[in-house]
Amino acid sequence: MVNYPWVEPATTTLVAPGDDSYDDACAVDNNNTPMTKFITAKFPSYYRHPLRTVNQWLKGKRRDDDAEGLWRIHDSLYDLTEFIDSHPGGSEWIRFTKGTDITEAFEVHHITARAELVLPKYYVRAARSPRNVRLTFHKHGFYRTLKRRVADKLLTVDYAPVRTSETILDSLLCGSFALACVAINWNSYILAALSGLFVAWTMNCAHNFLHRKDNWRMMAFNLAFFSYREWRVSHALSHHLYPNSLLDLEISFFEPFLCWFPKASKKNLFQRFGSWIYGPLIYTAMCISEIGKRLAETILTKRNTFHADDAICALLPLFMWMFSNSSVWEVAKMWFFIVQVASFVFGIIGLHAAHHHPDIVHSGDLIPADIDFGVYQMASIIDRVDLKGSQFKVLIGFGDHCLHHLFPSLDHGILPQLYPVFFKTCAEFQLEYREQHWLQAVIGQHQQLARIESKVYVPSKK
């Protein structure tokens with residue numbers, strides 16, 4: 001196990017998320033540097049709702065962000081209503097973020113200054129209150145400096161690997177269908193398991209495309225009951241922008257079964273150590289629970305959460321039935337098995353990708369109160385070294401994760417070309433880029449589930 005010198009046990013009494021003293025979360029370290037346990041000033045409203053869905057998350061953001069029904073970017077309010085249908089990335093990004101603070105989303109999805117030049121046209125007025133999220137974007141801070149350099153670098157990068165990413169996804173998609181059809185004809189559950197593996201890899205690869213402007217390849221994410229629309233909120237707008245925080249839906253979704261936050265008074269022994277046993281069951285149930293959660297929300301709120309593209313998940317069993325003489329029941333059984341395998345593979349890869357380890361920051365740990373957005377991203381990630389150098393492994397295994405979080409709209413294929421600029425900027429700001437192997441990630445993830453003590457994170461060694 002690698003121990004990183006900038007992670008130290010907390011010397012300040014910490015408050016567990018959800019306690020009444022949440023607003024008193026700030027503290028001071030030994031150098032009188034303001035520190036905080038949470039990246040938001042308010043306890044997220046959605047967290048108090050028993051059904052934590054993307055709609056509840058957005059509803060909570062609208063309540064907490066004080067954007068006055070408009071779109072907030074930094075300390076200004078904009079009315080982007082007229083821009084919705086002409087947004088180059090697709091109308092949904094703008095439509096469902098109305099009434100929220102989109103500062104982080106705006107910063108990471110617009111690398112060049114082109115979007116900033118358009119904003120004044122839609123300016124309404126200054127915001128009436130400070131931002132709820134404490135992450136900062138100072139002009140000469142780490143993230144803004146890195147972004148300017150990456151913008152310059154993108155003028156000379158080789159974009160050929162983007163086509164390779166497309167070819168990999170297309171091949172995996174075709175392989176998923178071909179293996180499923182052969183499996184049902186030969187009644188082979190071994191081939192069906194292989195098809196499930198390909199389905200999971202296809203979904204992982206499609207993740208590369210759902211961060212970008214609307215395209216058909218992002219829809220491959222819907223093969224096994226997941227929804228790219230839902231993930232554009234829970235993953236792109238929630239997890240990516242606020243990883244390992246109370247605003248991270250990909251953490252709150254799994255509570256109380258998987259509890260990654262170091263909450264001494266909230267986690268019992270079974271929650272801390274039982275995941276070694278019941279974790280695989282959770283991975284296997286992820287796809288089914290996704291559709292169940294949306295059905296429950298539709299029934300309870302009487303608000304339809306389904307769209308026509310959700311029918312994509314029916315394409316695989318339809319092909320299996322069309323290209324075999326099997327009964328509907330036989331197809332359904334094998335399809336369910338394929339989905340379960342895909343869910344397990346998707347879960348075990350995704351939950352051990354980069355974010356959960358005792359040496360990674362989680363809400364409840366002390367961090368600088370004015371922490372730079374990019375520094376916070378690095379504090380919440382340890383990259384997988386065993387995925388480096390292979391575009392295929394990076395795409396199916398969520399590799400190059402740190403750079404992906406910093407610049408999610410860029411294709412994974414071109415991220416390796418940004419490492420020289422990235423490392424140079426890290427050195428200037430004395431930041432440590434961290435890597436680990438898959439086994440370290442697996443062990444570390446379960447150590448984090450067991451962790452109850454909080455730590456102090458000092459992101460740079462001056």
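Nothing fancy with the numbering, it's 1 onward along the sequence. Quantities reported herein were computed from a predicted structural model and do not represent experimental measurements.
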Participant: Is it the case that the side chain of T136 and the backbone of I371 share a donor-acceptor pair, with hydrogens and angles ignored and the cut-off at 3.5 Å?
Facilitator: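 Indeed, once roles are kept as given, a pair shorter than 3.5 Å links the two residues.
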Participant: State, without any angle test, whether Q445 and W260 hold a side-chain donor-acceptor pair at a distance under 3.5 Å.
Facilitator: yes
Participant: Listed by chain and number, what are the side-chain hydrogen bond (donor to acceptor under 3.5 Å, both in side chains) partners of D79, not counting sequence neighbours?
Facilitator: T81
Participant: So, D64 and Y46: side-chain donor and acceptor under 3.5 Å apart, yes or no?
Facilitator: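 Absent: no donor and acceptor within the cut-off.
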Participant: Identify whether the distance between the nearest side-chain nitrogen and carboxylate oxygen of R131 and E104 falls below 4.0 Å.
Facilitator: yes
Participant: Report the residues that fulfil ring-ring contact (aromatic ring centres under 6.0 Å, His included) with Y242, sequence neighbours left out, ordered by chain and then residue number.
Facilitator: none
Participant: Have H357 and Q447 got a donor and an acceptor in their side chains that come within less than 3.5 Å?
Facilitator: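 Result is no, nothing qualifies.
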Participant: What residues form a side chain to side chain contact (heavy atoms under 4.5 Å, CB included) with I168, not counting sequence neighbours?
Facilitator: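 I168 satisfies side chain to side chain contact (heavy atoms under 4.5 Å, CB included) with T164, L172, C205, Q391, F392, L395 once adjacent residues are dropped.
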Participant: With no hydrogens and no angle check, do the side chains of E107 and H74 hold a donor and an acceptor under 3.5 Å apart?
Facilitator: yes
Participant: Return each pair, listed once, that meets salt bridge (Lys or Arg N to Asp or Glu O under 4.0 Å) where at least one residue sits in residues 401-414; pairs must be two or more places apart or across chains.
Facilitator: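 Sorted pair list: R212-D411.
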Participant: Does the side chain of H240 come under 3.5 Å of the side chain of H404 through a donor N or O and an acceptor N or O?
Facilitator: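 Indeed, the side chains of H240 and H404 share at least one donor-acceptor pair under 3.5 Å.
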Participant: For F398, what residues pass the side chain to side chain contact (heavy atoms under 4.5 Å, CB included) criterion, not counting sequence neighbours?
Facilitator: N204, H207, F346, I349, A353, H401
Participant: What residues, two or more places apart in sequence or in another chain, satisfy ring-ring contact (aromatic ring centres under 6.0 Å, His included) together with F209?
Facilitator: none
Participant: Answer with yes or no whether the side chains of H211 and H109 bring together a donor and an acceptor at under 3.5 Å.
Facilitator: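 Their side chains do not contain a donor-acceptor pair, so the 3.5 Å distance test is not met.
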Participant: Who are the side chain to side chain contact (heavy atoms under 4.5 Å, CB included) partners of L300, not counting sequence neighbours?
Facilitator: L51
Participant: Are D365 and R451 within salt-bridge range, i.e. N to O under 4.0 Å?
Facilitator: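 Yes, this pair counts.
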Participant: Between D383 and V385 (side chain of the first, backbone of the second, donor and acceptor by atom type, cut-off under 3.5 Å), is there such a pair?
Facilitator: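 No, the answer is negative, given that no donor and acceptor are paired below the 3.5 Å cut-off.
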Participant: Taking only distance into account, with no hydrogens and no angle test, what donor-acceptor pairs under 3.5 Å do side-chain atoms of residues 114-127 form with protein atoms, sequence neighbours excluded?
Facilitator:
{"from": "Y123", "atom 1": "OH", "to": "A126", "atom 2": "N", "distance (Å)": "3.0"}
{"from": "R125", "atom 1": "NH2", "to": "E68", "atom 2": "OE1", "distance (Å)": "2.5"}

Participant: Suppose we screen for ring-ring contact (aromatic ring centres under 6.0 Å, His included). Which residues come up paired with F306, at least two apart in sequence or across chains?
Facilitator: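 Result, ring-ring contact (aromatic ring centres under 6.0 Å, His included) vs F306: none returned.
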Participant: Once side chain to side chain contact (heavy atoms under 4.5 Å, CB included) is applied, do any residues pair with R303, and if so which ones, sequence neighbours excluded?
Facilitator: N55, T301
Participant: R63: which residues meet the side-chain hydrogen bond (donor to acceptor under 3.5 Å, both in side chains) condition with it, sequence neighbours left out?
Facilitator: none
Participant: Residues in side-chain hydrogen bond (donor to acceptor under 3.5 Å, both in side chains) with D170, at least two apart?
Facilitator: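 Expected list: R217.
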Participant: Under a plain distance cut-off of 3.5 Å, with no hydrogens placed, do T305 and E297 share a side-chain donor-acceptor pair?
Facilitator: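 On atom types as modelled, these side chains do not qualify, holding no pair under 3.5 Å.
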Participant: Donor-acceptor pair, distance only, cut-off 3.5 Å: does the side chain of H110 make one with the backbone of F106?
Facilitator: yes
Participant: For the residue pair R134 and T36, confirm or rule out a side-chain donor-acceptor distance under 3.5 Å.
Facilitator: yes
Participant: Counting the benzene-type ring for Trp, do Y143 and F429 have ring centres under 6.0 Å apart?
Facilitator: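 That pair fails the under 6.0 Å test.
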Participant: Got a donor-acceptor contact below 3.5 angstrom from the S238 side chain to the L249 backbone?
Facilitator: yes
